[in-house]
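Worth saying up front: this structure is predicted, and the values here are computed from it rather than measured. Along the sequence shown, residues carry numbers from 1.
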Amino acid sequence: MTPRATHAVVSLAALDVRRAPDHRAELGSQLLLGEVVRLGRGSAGGRWLEVTGEDGYSGWARSWGLVRVTAARAARWRAQAKARVCAALTQAHAGPRGRGALVSPLFLNSRLIAGRARAGHVPVELPDGRRGFVPVRALAGRRTSPPRLVDRVRSLLGVPYMWGGRTPAAFDCSGFTQQVLAEQGIAIPRDARHQYRDATPLPRGETPAPGDLIFFANPDEPVGHVGLGLGGEWFAHCRGRVRINSADPDNILCDNELQPTIRGWRRPH
């Protein structure tokens, strides 16, 4: 008996996850190339598949961006795909040194199988078997230290806001915090309210540290916005675009519209 495909690996640079199996349905999130999802139901004709990502977020994605695999094959992919994209955006080309046809764009935190670097480029394999070459400086391996959090934030300043966005082409607030912390080795949920639930309140009087999260909510409403602490009262967030603001009401960079809705600082774990 052929083992059943219970999982899938994302094979497109960014794959939309929608609330229902329809392109007109609300965009809830996005998946990155190389991420593994669990499979649920399929739509009529199999064009859409219900998926649950590694962060627990569920929705519907087009089957054309997924390579269906068994649980064992998914585990092998995770074990082999140890290279992560550390550039906001790079490209895999069919030939080395940026030559040849474009194989795929690649966003920050995408996962690939990488070979040995030669002449400034690395041969890579994508989940669907496509192969190409990526600049060595655009990939981080298991022994590579991530950039300082503040440096990563600086590299993303100005990225526009998009509801459901999870790439440096466009983020929403929680997609931004999730992806920046993921590079630092900290896994947090997809949505702001779940990030709030899973984080620990700072002890009274403790100064927020880089990587802490600041949450916002209107009175009697659940958390609806999140920012990423940079130390002290400074934080970065995606609101219109990725920007830096201060939680200090006397600071010229205080966001006066958000200030009254601060719910508090919490520390992810």
Answer yes if the ring centres of His237 and Phe235 are under 6.0 angstrom apart, and no otherwise.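 They qualify: ring centres under 6.0 Å apart.
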Distance flag, aromatic centroids of Phe216 and His225, threshold under 6.0 Å: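 Ring-ring flag for His225/Phe216: true, centres closer than 6.0 Å.
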Measuring only between side-chain heavy atoms, which start at C-beta, is [X] closer than 4.5 Å to [Y]?
| X | Y | value |
| --- | --- | --- |
| Leu258 | Asn245 | no |
| Leu108 | Leu89 | no |
| Val150 | Pro210 | no |
| Thr70 | Arg4 | no |
| Ile214 | Pro208 | no |
| Leu33 | Pro127 | yes |
| Phe171 | Val242 | yes |
| Leu27 | Val17 | no |

Please give me the minimum heavy-atom distance between [X] and [Y], naming the atom from each residue.
| X | Y | result |
| --- | --- | --- |
| Ala13 | Pro105 | CB-O, 3.2 Å |
| Ser174 | Gln195 | O-NE2, 3.2 Å |
| Pro268 | Leu181 | CG-CD1, 4.0 Å |
| Ala192 | Gly224 | CB-C, 4.5 Å |

What is the distance from atom CG of Leu15 to atom OG1 of Thr167, rounded to the nearest 0.5 Å?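 Rounded to the nearest 0.5 Å, the CG-OG1 separation comes to 12.0 Å.
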Value rounded to 0.5 Å, distance of CG in Leu66 from CG in Leu12: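 Going from the CG atom of Leu66 to the CG atom of Leu12 covers 8.0 Å.
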Under 3.5 Å, is there a donor on one side chain and an acceptor on the other for [X] and [Y]?
| X | Y | value |
| --- | --- | --- |
| Gln178 | Arg190 | no |
| Glu26 | Trp163 | yes |
| Ser58 | Glu50 | no |
| Arg47 | Ser63 | no |
| Ser155 | Arg152 | yes |
| Tyr196 | Arg266 | yes |
| Glu233 | Asn251 | no |

Quick one: does NZ or CZ of Arg62 land under 6.0 Å from the six-membered ring centre of Trp48, within 45 degrees of the ring axis?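 Pair Arg62/Trp48 counts as cation-pi.
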So, the side chain of [X] versus the backbone of [Y]: is there a donor-acceptor pair under 3.5 Å, distance only?
| X | Y | answer |
| --- | --- | --- |
| Arg166 | Gln30 | yes |
| Asp128 | Arg130 | yes |
| His93 | Phe133 | no |
| Arg18 | Ala25 | yes |

Sequence neighbours excluded, which residues qualify as salt bridge (Lys or Arg N to Asp or Glu O under 4.0 Å) partners of Arg84?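 For Arg84, no residue satisfies salt bridge (Lys or Arg N to Asp or Glu O under 4.0 Å) once neighbours in sequence are set aside.
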Atom CZ of Arg118 with >12 non-hydrogen neighbours under 6.0 angstrom: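 Incorrect, the count does not exceed 12.
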Electrostatic pair Glu54:Arg78 at N-O distance under 4.0 angstrom: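 Between Arg78 and Glu54 there is a salt bridge, with a charged N closer than 4.0 Å to a carboxylate O.
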Charged N-O contact under 4.0 Å between Arg263 and Glu221: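 No.
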Pair Leu126, Ser104 - check side chain to side chain contact (heavy atoms under 4.5 Å, CB included), show working. CA-CA 9 Å; Leu126 280 61; Ser104 179; 3.9 Å; yes
